[in-house]
Number of protein chains: 2
Amino acid sequence: MQEGIVEGLRKLGLTEYEAKAYATLVGMGEATAREVHELSGVPRTRIYDILRDLGSKGFVEFVQGSPTYYRAVEPDSVMERLRDELVSCIDRSTNELLSLNLEAHGSSPVWCVRSKWGINNRIRDFLSKVERELVVFCRSPDLLIEHKAEMKKVPGLRIKVDRKEKFVGLGFEVQEMKEGAERFFKDYITDGTSNSIDALMIADDRSSIVVGTMGGERLAVIIRLPVVAMLQKAGWESLV
Amino acid sequence: MQEGIVEGLRKLGLTEYEAKAYATLVGMGEATAREVHELSGVPRTRIYDILRDLGSKGFVEFVQGSPTYYRAVEPDSVMERLRDELVSCIDRSTNELLSLNLEAHGSSPVWCVRSKWGINNRIRDFLSKVERELVVFCRSPDLLIEHKAEMKKVPGLRIKVDRKEKFVGLGFEVQEMKEGAERFFKDYITDGTSNSIDALMIADDRSSIVVGTMGGERLAVIIRLPVVAMLQKAGWESLV
DNA sequence: TTTGTTGTAACCAGATGAGTTACAATGCAA
DNA sequence: TTGCATTGTAACTCATCTGGTTACAACAAA
């Protein structure tokens, strides 16, 4: 049996035993508790309550007897129901949350974002709000690849990189910064934690976003203070 | 704060504390850890790691300081991502399961179904496969109401009930069974467990389905043996 | 009777989450 | 500066859940 299928079913709310038993039963079509146990690896003495639970959840059917026979309910049917339940739960939650969320917010000019998705989300948002000009410094092509499509649409795009050869074939016009300037963006250590900056973007001399690893965790810092943005840009210009 | 919103978020994979903190933060727009604690009821000494977790999951952003300020990422944005993740997980699982499910199955002629959804699913399937004739006995209008639409499409529909007055206004033509015949479907006790039958349907003299409560739990029994169906129908006919 | 199988029930151990306590560090006000 | 409240960290307890095991009753076949 594949490993991934169990993992997937667990994400959808089944336990490991339930996932194994159900997947096995789907594969066997019809089987006794013992057979499910043999193939799935679920302990024999537990297979009975597991199958009973699956029955209560609408995943399997059975025919009483000695031995009792079990079969899986058609997976597309079960999965469709699951999807409907989850989607309607999400829609409900979204509406409830939005009804709490009436007031305006985001007044603080600087925010940190921690998760990978959160960072990408922020970058997308940031890119979509550029009006005239975006200057970018970056040290790895990953970020440019990830946001290539949005980046292409940005007006006034200028990119500086540490070494040109890392960025060939991406379709971006990049400029290499001058000798010795890379020290501004080198890995450094503060308070015993190592920091490294992967990318810096400044939009319209107004807001900026810094992406990097600080103290062992990936972080993005969004700053919407024109003063700071101007200063950062001045530094950036000096990199030519 | 509403109770339902926390319950909904928990179904989507958050813990109680996480759900409370996130919902609260959505409502406040921007707040310190303390404020979130006060409003959400999450213990103050736990609010810090909860908010950190929410950050790692992409639900909140923060600005370091003393005190650190937090804000919720826009709920529609977060929820949309969650939906995409779950739906793609379901699609993947469905495909993997179906690829295991190539062989034909369902050869056994009798099956029990336990869950509410499973029972309804079975009944829908059963009704959709009627070709010429469906005879129904039922003791409560619930089942007819639940499957009214499908039932209307069934050819050769004949319904017998215990007492006609319970079924007025449903748009079904029902026939009352004769005096004394209800004893066949009365609640009865076997092996110390009480059983009661809510409905019995027979399709094309071929297959039948019985819905009822047996030993304290709701159960449907599907039988695809023509012999049994014929016998059941003979009994049914005698109810006139 | 013996043996093996089916099915039930209980138990143990590890992980996780809810809720609490202790305490270091950081301000802030007198 | 001292004293005090607040911020933030870390640990611990308790209950629940899940994975994994043991014991045993009921039953059928040999």
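A note on names: the letters A, B, ... follow the listed sequences, proteins ahead of strands, and every chain is numbered from 1.
Proximity of B:R34 to the phosphate of D:dT7: a side-chain N or O atom is located under 4.0 Å from OP1 or OP2. In terms of phosphate contacts, B:T15 brings no side-chain nitrogen or oxygen within less than 4.0 Å of OP1 or OP2 of C:dT16. In terms of phosphate contacts, B:T68 brings no side-chain nitrogen or oxygen within less than 4.0 Å of OP1 or OP2 of D:dT7.
Residues A:R34 and A:E38 are paired through a salt bridge, judged by an N-O separation under 4.0 Å between the basic side chain and the carboxylate. For the pair A:E16 and A:K20, the salt-bridge criterion is met [side-chain N within less than 4.0 Å of a carboxylate O]. Using a cut-off of 4.0 Å between Lys/Arg side-chain N and Asp/Glu carboxylate O, B:R10 and B:E18 are scored as not salt-bridged. With respect to the salt-bridge test (charged N to carboxylate O, under 4.0 angstrom), the residues A:K129 and A:D125 qualify. Residues B:R81 and B:E85 are paired through a salt bridge, judged by an N-O separation under 4.0 Å between the basic side chain and the carboxylate.
The NE2-P distance, from B:H37 to C:dA18, rounds to 16 Å in whole Å. Here the C1' atom of nucleotide D:dT16 and the CD atom of B:E16 are 13 Å apart, to the nearest Å. Between the CD1 atom of A:I47 and the C1' atom of D:dG19 there is a distance of 13 Å, rounded to whole Å. A:Y69 has its OH atom 15 Å from the P atom of C:dT5, to the nearest Å. Nucleotide C:dT16 holds its P atom 16 Å from the CZ atom of B:R10, rounded to whole Å.
Inter-residue side-chain proximity for A:R218 and A:R114 is flagged as unmet; no heavy-atom pair is nearer than 4.5 Å.
The aromatic rings of B:Y22 and B:F59 lie perpendicular to each other, with more than 60° between the two planes, well past the 30° mark.
In this structure, the side chain of B:S56 engages the main chain of B:R52 through a donor-acceptor pair within 3.5 Å.
Looking at residues 48-57 of chain B, you'll see B:Y48, B:R52 sit with a heavy atom under 4.0 Å from some atom of DNA chain D.
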If the sugar-phosphate is the primed atoms plus P, OP1 and OP2 and the base is the rest, what is the B/S/- string for nucleotides 21-30 of chain D, using protein heavy atoms under 4.0 Å?
BBB-------

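For the atom pair CD1 of B:I123 and CD of B:E150, the computed distance is 9.5 Å after rounding to the nearest 0.5 Å.
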